Amino acid sequence: MEILLTGGAGFIGSRIAAQLTAAGHGVRVLDALLPAVHPGGRPALPDGVAFWHGDVRDRAVVDNALHGVDAVCHQAAMVGLGLDLDDAPEYVGCNDLGTAVLLSAMARAGVRDLVLAGSMVVYGEGAYHCAVHGPVAPGPRREADLDGGRFEPPCPRCGAPLAPGLVGEDAALDPRNVYAASKVAQELLASAWARACGGRVLTLRYHNVYGPGMPRDTPYAGVASLFRSALARGEVPQVYEDGGQRRDFVHVDDVAAANLAALAAVAGRPAGTSRAYNVGSGAVHTVGEMAAALAAAYGGPPPRVTGRYRLGDVRHVTADSGRLRAELGWRPAVEFAAGMAEFAKAPLRGEPQQVPAL
């Protein structure tokens with residue numbers, strides 16, 4: 001296949017490009033090389049990958065890049081929580097306008113197969129069970145509770161403690177920050193495009209992706225990168241809340257493999273349809289556990305639990321990835337301890353020196 005990979009110079013996109021070329025596919029990368037993500041300019045790409053330096057919001061550039069393409073793997077996005085509402089125009093412009101321009105160009109070009117990079121942030125909080133009321137959806141977190149160190153969301157009906165579980169793809173969407181809202185809009189735009197032109201969409205809702213090549217020292221990086229950047233500076237990793245937030249940390253190579261599986265399957269889907277898949281390792285770890293494992297593997301100071309919080313964060317969200325395993329035959333290959341040990345020793349994107357050998 002000939003594949004247009006938007007955002008293909010980024011952290012996840014570059015690993016997808018490497019796996020696609022290794023599998024014998026033709027790859028053309030379209031990337032705007034945003035300075036927040038690419039402080040050192042364009043990174044090296046695998047031999048044979050064609051590169052377009054351009055923005056997915058630029059209709060002429062996208063039309064040109066789509067010529068002769070069989071499928072699109074859309075990774076280009078501004079990521080992170082959205083530091084405040086002043087970020088909203090940039091998130092909506094990059095993520096939603098960019099997706100709309102891409103989809104309209106695909107309709108004109110007759111390209112009907114799309115794999116979309118989604119995110120677990122669309123769920124808001126994950127799945128919870130009350131011993132009295134069964135499955136429930138907790139309400140928004142309250143500043144008074146968080147200020148008092150009460151981080152666990154209570155049952156919205158009786159106030160009792162809740163048991164967190166795995167969230168499936170059919171859960172209601174509940175975006176709780178600007179970035180999350182933009183990712184929901186991407187999915188809705190892609191679904192509308194598929195119905196309108198007979199396209200096919202597979203959305204991969206990534207959980208907490210980590211691994212070599214994450215950008216360093218940026219508020220838009222994931223929590224694993226922030227901890228790793230602190231260790232590289234000789235600083236103590238700062239863990240928010242009490243460190244008990246449950247997440248599913250999935251290695252970037254496993255995420256890239258999920259994209260290859262989706263690209264192989266998307267053409268076989270019925271025309272006019274879309275389907276979402278969680279991409280997670282299947283292993284639940286707390287943020288505190290991840291920080292401790294990373295610090296130990298790096299040989300740096302142990303993390304410090306601060307009690308601080310960000311109101312847009314959710315307490316627990318972990319993946320049920322059974323649909324991806326059953327329907328696309330995907331299996332994660334990188335176990336948590338091994339992945340963290342590798343990540344601790346590998347350079348981040350933009351890091352000026354190698355991590356000292358242990």
Side-chain angles (χ1 to χ4, degrees), residues 78-88 91-92 95-96 118-188 191 203 205-208 219-220 222-223 226 238-249 276-280 284-290 305-323:
M78 184 176 177
V79 301
L81 278 181
L83 300 182
D84 54 47
L85 289 177
D86 286 341
D87 291 331
Y91 274 92
V92 172
N95 298 352
D96 302 334
S119 174
M120 56 88 172
V121 296
V122 300
Y123 298 118
E125 290 285 350
Y128 290 86
H129 187 273
C130 173
V132 177
H133 297 106
V136 294
R141 304 177 82 185
R142 300 185 303 176
E143 289 188 68
D145 289 336
L146 299 172
D147 287 337
R150 297 182 295 276
F151 301 118
E152 294 290 343
C155 175
R157 298 176 63 183
C158 68
L162 297 175
L166 303 182
V167 63
E169 293 88 350
D170 295 329
L173 304 186
D174 183 20
R176 299 195 174 194
N177 54 62
V178 169
Y179 171 60
S182 75
K183 296 304 287 185
V184 171
Q186 276 190 313
E187 291 197 28
L188 295 176
S191 179
T203 297
R205 292 174 179 164
Y206 304 156
H207 283 248
N208 289 76
Y220 303 106
V223 64
L226 296 178
Q238 305 292 303
V239 178
Y240 278 22
E241 301 185 17
D242 60 359
Q245 309 95 304
R246 291 160 53 100
R247 297 290 188 269
D248 186 324
F249 297 98
Y277 296 91
N278 284 329
V279 183
V284 175
H285 294 276
T286 68
V287 171
E289 289 171 347
M290 184 274 288
V305 175
T306 67
R308 296 171 58 196
Y309 65 86
R310 295 185 300 183
L311 194 59
D313 282 340
V314 298
R315 179 60 177 175
H316 304 300
V317 56
T318 51
D320 179 351
S321 299
R323 177 185 291 182

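As the structure is a prediction and not an experimental result, all values here were calculated from the model.
Val284 places none of its side-chain heavy atoms less than 4.5 Å from the side chain of Asp248. By the 4.5 Å heavy-atom criterion applied to side chains, Asp96 and Gln186 are counted as neighbours. Residues Cys158 and His133 have side chains in contact (heavy-atom distance under 4.5 Å, counting atoms from C-beta outward). Residues Tyr123 and Asn278 form a side-chain contact, since some pair of their non-hydrogen atoms from C-beta on lies under 4.5 Å apart. Contact annotation: the side chain of Pro175 never approaches that of Val122 to less than 4.5 Å [non-hydrogen atoms, C-beta and beyond]. A heavy-atom distance below 4.5 Å is found between the side chains of Val223 and Met290. For the pair Arg141/Tyr309, no side-chain contact is recorded, criterion being any heavy-atom separation below 4.5 Å from C-beta on. Proximity of His207 to Val167: side-chain heavy atoms (C-beta onward) are separated by under 4.5 Å at one or more points.
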**Request:** Would you sort out whether Met120 and Thr318 count as a side-chain contact (heavy atoms from CB on, under 4.5 Å), showing the intermediate values?
**Result:** CA-CA 8 Å; Met120 56 88 172; Thr318 51; over 6 Å; no

**Message:** Does Tyr128 form a side-chain contact (heavy atoms from CB on, under 4.5 Å) with Arg315? I'd like the steps, not just the answer.
**Reply:** CA-CA 11 Å; Tyr128 290 86; Arg315 179 60 177 175; 3.8 Å; yes

**Asked** Hey, mind stepping through Arg176 and Val314 against side-chain contact (heavy atoms from CB on, under 4.5 Å) and telling me if it holds?
**Response** CA-CA 8 Å; Arg176 299 195 174 194; Val314 298; 4.2 Å; yes

**Message:** The test is side-chain contact (heavy atoms from CB on, under 4.5 Å); show your working for Thr286 and Arg247 and say whether it passes.
**Reply:** CA-CA 6 Å; Thr286 68; Arg247 297 290 188 269; over 6 Å; no

**Asked** Can you check salt bridge (charged side-chain N to carboxylate O under 4.0 Å, His left out) on Glu187 and Arg205, steps first, answer last?
**Response** CA-CA 10 Å; Glu187 291 197 28; Arg205 292 174 179 164; 2.8 Å; yes

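Side chain of Gln245 to main chain of Tyr240: a donor-acceptor pair is present (N/O by atom type, distance under 3.5 Å, no hydrogens or angles). For the pair Asp174 (side chain) and Gly124 (backbone), a donor-acceptor distance under 3.5 Å is absent. When atom types are taken as modelled, the side chain of Ser182 and the backbone of Val92 share no donor-acceptor pair closer than 3.5 angstrom. For the pair Tyr179 (side chain) and Val121 (backbone), a donor-acceptor distance under 3.5 Å is absent. Listed for the Glu125 side chain is a donor-acceptor partner under 3.5 Å among the backbone atoms of His316.
Here Glu169 contributes atom CD and Asp320 contributes atom CG; the two are 6.5 Å apart, rounded to the nearest 0.5 Å. Taken from CD in Glu241 to OG1 in Thr306, the straight-line distance is 8.5 Å, to the nearest 0.5 Å.
Other residues, nucleotides and ligands contribute over 12 non-hydrogen atoms within 6.0 Å of the CZ atom of Arg150.
Classification of Asp170 and Arg323 as a salt-bridged pair holds, one side-chain N sitting under 4.0 Å from a carboxylate O.
Considering all non-hydrogen atoms of both residues, Gly280 and Ala319 come closest at CA-CB, 4.2 Å. Nearest heavy atom pair, residue Leu162 against residue Pro138, reads CD1-CB, 4.3 Å. Between Phe151 and Asp242 the shortest heavy-atom distance is CE1-N, 3.7 Å.
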